[in-house]
Amino acid sequence: MPPSTAIPEPSTVLITGASGFIGGAVTERLIDRAKTTIRGLTFHPGKNRFGDRVRSFAYDFADPARMAAAFQGVDVFVNSYYVRFNYAAETFELAVDRTRDLIAQAQAAGVRKIVHVSVSNADERSDLPYYRNKGRIERLIRESGIDFTILRPALVFGRGDILINNIAFFLRHVPVFTIFGRGDYRTQPIDLDAFASFATDAVDGAYRGETVPVAGPDDWRFLDLVSRVRSAVGSRALLVRAPAALALAGLGVAGLFLRDVVLTRDEIKGLTREFLYVEQPVRRGPSLSEWLAREDIRATLGRRYESELARHFR
């Protein structure tokens with residue numbers, strides 16, 4: 001582990017989406033610390049699953065100065081704000097601009113450190129907008145003058161995740177599951193709580209000035225990952241390899257019925273190009289196999305579809 005500079009207690013930590021998937025996991029690891037105060041920054045301040053233990057503030061990108069109170073007195077800002085795809089007025093480029101506003105508020109308030117959730121293979125030179133704009137945000141953080149840690153997970157799994165759950169959903173409900181191409185491209189899943197432990201280590205001062213790729217203990221070929229989920233949920237769906245364009249067309253039809261964007265063309269490109277894989281990540285946590293072997297997970301995974309649009313846009 002790189003040298004650390006501990007954040008002195010008592011500390012105040014501001015977390016984007018403190019009741020959400022990743023933000024909620026980080027909150028759960030910090031909330032019982034006697035000398036730590038947690039704040040949340042969200043589009044839905046009324047949806048605060050931690051009650052009065054976390055004070056929620058609303059995003060206000062129309063007038064960013066109105067977010068100053070959220071940042072006042074904050075020691076560490078944990079940021080995972082982004083969008084998964086362009087939808088209506090929400091775009092990757094707008095997410096970059098909004099992140100610039102958040103960083104400006106952190107600078108004005110004298111925040112000591114930013115812990116930023118990025119993605120594996122973020123790169124401003126990428127031809128895929130998701131990864132290119134993630135790379136732009138990383139540069140803004142590095143140039144902010146604030147101490148930082150940038151964490152780069154590839155695929156975070158756990159209760160409430162979208163990708164693994166929805167793979168299980170389709171395996172439970174359709175007779176044929178389509179694999180994009182050969183299915184031999186690699187992925188690196190990491191357990192949600194293990195990822196949150198990296199984030200809390202960074203909050204405490206670890207990985208100072210570092211960009212850290214993180215992963216679970218095992219690498220998975222995508223076909224093997226789907227096969228393992230299939231076994232876990234007791235599915236008899238036939239796994240069929242197909243060209244990515246054909247599979248995407250099928251997902252588009254499914255999205256019409258589900259009122260969601262199941263996967264985008266660029267997400268499939270990222271997956272098949274192994275953007276969910278890096279050499280020599282820092283590894284931690286239980287394997288996907290261990291998680292899928294749990295009876296409570298086997299019984300519930302994929303029972304209902306998790307909609308990105310319902311979660312973030314409706």
Side-chain angles (χ1 to χ4, degrees), residues 21-22 25 84-85 120 153-195 215-277 285-312:
F21 179 58
I22 285 178
R84 211 187 99 198
F85 44 73
S120 62
L155 190 168
V156 182
F157 66 87
R159 288 192 180 276
D161 87 72
I162 286 182
L163 180 59
I164 300 297
N165 178 83
N166 289 350
I167 288 173
F169 174 84
F170 284 111
L171 286 167
R172 286 185 184 274
H173 292 91
V174 299
V176 176
F177 186 96
T178 304
I179 302 293
F180 316 119
R182 293 169 56 88
D184 58 351
Y185 30 87
R186 293 167 292 182
T187 66
Q188 291 173 322
I190 182 170
D191 172 76
L192 175 62
D193 186 62
F195 177 77
D218 304 318
D219 300 338
W220 289 75
R221 303 284 181 182
F222 184 69
L223 177 59
D224 296 334
L225 184 153
V226 173
S227 297
R228 184 65 186 86
V229 175
R230 176 179 180 271
S231 175
V233 301
S235 168
R236 296 183 179 180
L238 182 65
L239 304 185
V240 176
R241 296 178 178 87
L246 179 61
L248 182 63
L251 290 174
V253 173
L256 292 175
F257 286 98
L258 294 166
R259 299 179 62 228
D260 191 31
V261 178
V262 180
L263 278 179
T264 69
R265 185 182 305 276
D266 282 354
E267 286 175 325
I268 294 173
K269 287 180 179 179
L271 176 64
T272 57
R273 292 181 189 178
E274 293 196 332
F275 280 24
L276 302 187
Y277 172 86
S287 71
L288 178 64
S289 287
E290 292 176 75
W291 186 71
L292 290 171
R294 287 171 40 185
E295 185 55 39
D296 59 325
I297 299 302
R298 294 163 61 94
T300 58
L301 187 67
R303 289 291 181 186
R304 54 171 286 180
Y305 179 80
E306 292 291 340
S307 168
E308 182 78 18
L309 296 185
R311 186 177 293 190
H312 295 293

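Numbers here simply count residues along the sequence, with the first being 1.
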Problem set entry | Evaluation steps, side chain to side chain contact (heavy atoms under 4.5 Å, CB included), between F85 and L309 | CA-CA 10 Å; F85 44 73; L309 296 185; 3.8 Å; yes
Exercise. Hey, what do you get for CG (D191) to CG (L288), rounding to the nearest 0.5 Å?
Worked result: 9.5 Å
For this session: Measure the shortest side-chain to side-chain distance between F21 and V156 over non-hydrogen atoms and say whether it is less than 4.5 angstrom.
Result: yes
For this session: Could you label the plane-to-plane angle of the W291 and F157 rings as parallel, tilted or perpendicular, counting under 30° as parallel and over 60° as perpendicular?
Result: tilted
Exercise. Are L271 and L263 close enough, and set up right, to give a side chain to side chain contact (heavy atoms under 4.5 Å, CB included), and what steps lead you there?
Worked result: CA-CA 11 Å; L271 176 64; L263 278 179; 5.7 Å; no
Exercise. Which atom names give the shortest non-hydrogen contact between G302 and R172, and what distance separates them?
Worked result: O-CD, 3.5 Å
For this session: Check whether more than 12 heavy atoms from other residues, nucleotides or ligands sit under 6.0 Å from atom CZ of R259, and answer yes or no.
Result: no
For this session: Enter the distance from I179:CD1 to T272:OG1 here, rounded to the nearest 0.5 Å.
Result: 12.5 Å
For this session: Go through the steps for R230 and L238 under the test side chain to side chain contact (heavy atoms under 4.5 Å, CB included), then give the verdict.
Result: CA-CA 10 Å; R230 176 179 180 271; L238 182 65; over 6 Å; no
Exercise. Do the non-hydrogen side-chain atoms of Y185 and Y277 ever get within less than 4.5 Å of each other?
Worked result: no
For this session: For residues L301 and N165, determine if any side-chain heavy atom of one lies less than 4.5 Å from a side-chain heavy atom of the other.
Result: yes
Problem set entry | Donor-acceptor under 3.5 Å (N166 side chain, E306 main chain) | yes
Seminar exercise, completed: Between D218 and S287 the two heavy atoms that sit nearest each other are OD2-CB, 3.0 Å
Exercise. If you round to the nearest 0.5 Å, how far is CZ of F170 from OG1 of T178?
Worked result: 10.5 Å
Problem set entry | Step-by-step side chain to side chain contact (heavy atoms under 4.5 Å, CB included) determination, L251 to F180 | CA-CA 11 Å; L251 290 174; F180 316 119; 3.9 Å; yes
Problem set entry | Residue pair F169, Y305: steps toward the ring pair (Phe, Tyr, Trp, His ring centres under 6.0 Å) verdict | CA-CA 6 Å; F169 174 84; Y305 179 80; 5.4 Å; yes
For this session: Give a yes or no answer on whether the side chain of R186 reaches the backbone of D219 with a donor-acceptor pair at less than 3.5 Å.
Result: no
Seminar exercise, completed: Taken to the nearest 0.5 Å, the spacing of R304 CZ from H173 NE2 works out to 12.0 Å
Exercise. When rounded to the nearest 0.5 angstrom, what distance separates OG1 in T300 from CZ in R294?
Worked result: 8.5 Å
Exercise. Is R182 atom CZ crowded by more than 12 heavy atoms from other residues, nucleotides or ligands, each under 6.0 Å away?
Worked result: no
Exercise. Under 4.5 Å between any side-chain heavy atoms of I164 and L155, yes or no?
Worked result: yes
Problem set entry | Validation row: L223, D184 side chains within 4.5 angstrom (heavy atoms) | no
For this session: May I ask you to decide whether R159 forms a salt bridge with D296, counting only side-chain N to carboxylate O separations under 4.0 Å?
Result: yes
Exercise. Atom CG of L192 and atom CD1 of I22: how far apart are they, to the nearest 0.5 Å?
Worked result: 7.0 Å
For this session: Compare all side-chain heavy atoms of L239 with those of L171 and state whether any distance is below 4.5 angstrom.
Result: yes
For this session: Check whether any side-chain heavy atom of S289 lies under 4.5 Å from a side-chain heavy atom of R228, and answer yes or no.
Result: yes
Exercise. Considering all heavy atoms of both residues, which atom of L276 and which atom of S120 are nearest to each other, and what is their separation?
Worked result: CA-OG, 3.7 Å
Exercise. Do the side chains of E308 and I162 get nearer than 4.5 Å, heavy atoms only?
Worked result: yes
Problem set entry | Which atom of P217 lies closest to which atom of G285, heavy atoms considered | CD-O, 3.3 Å
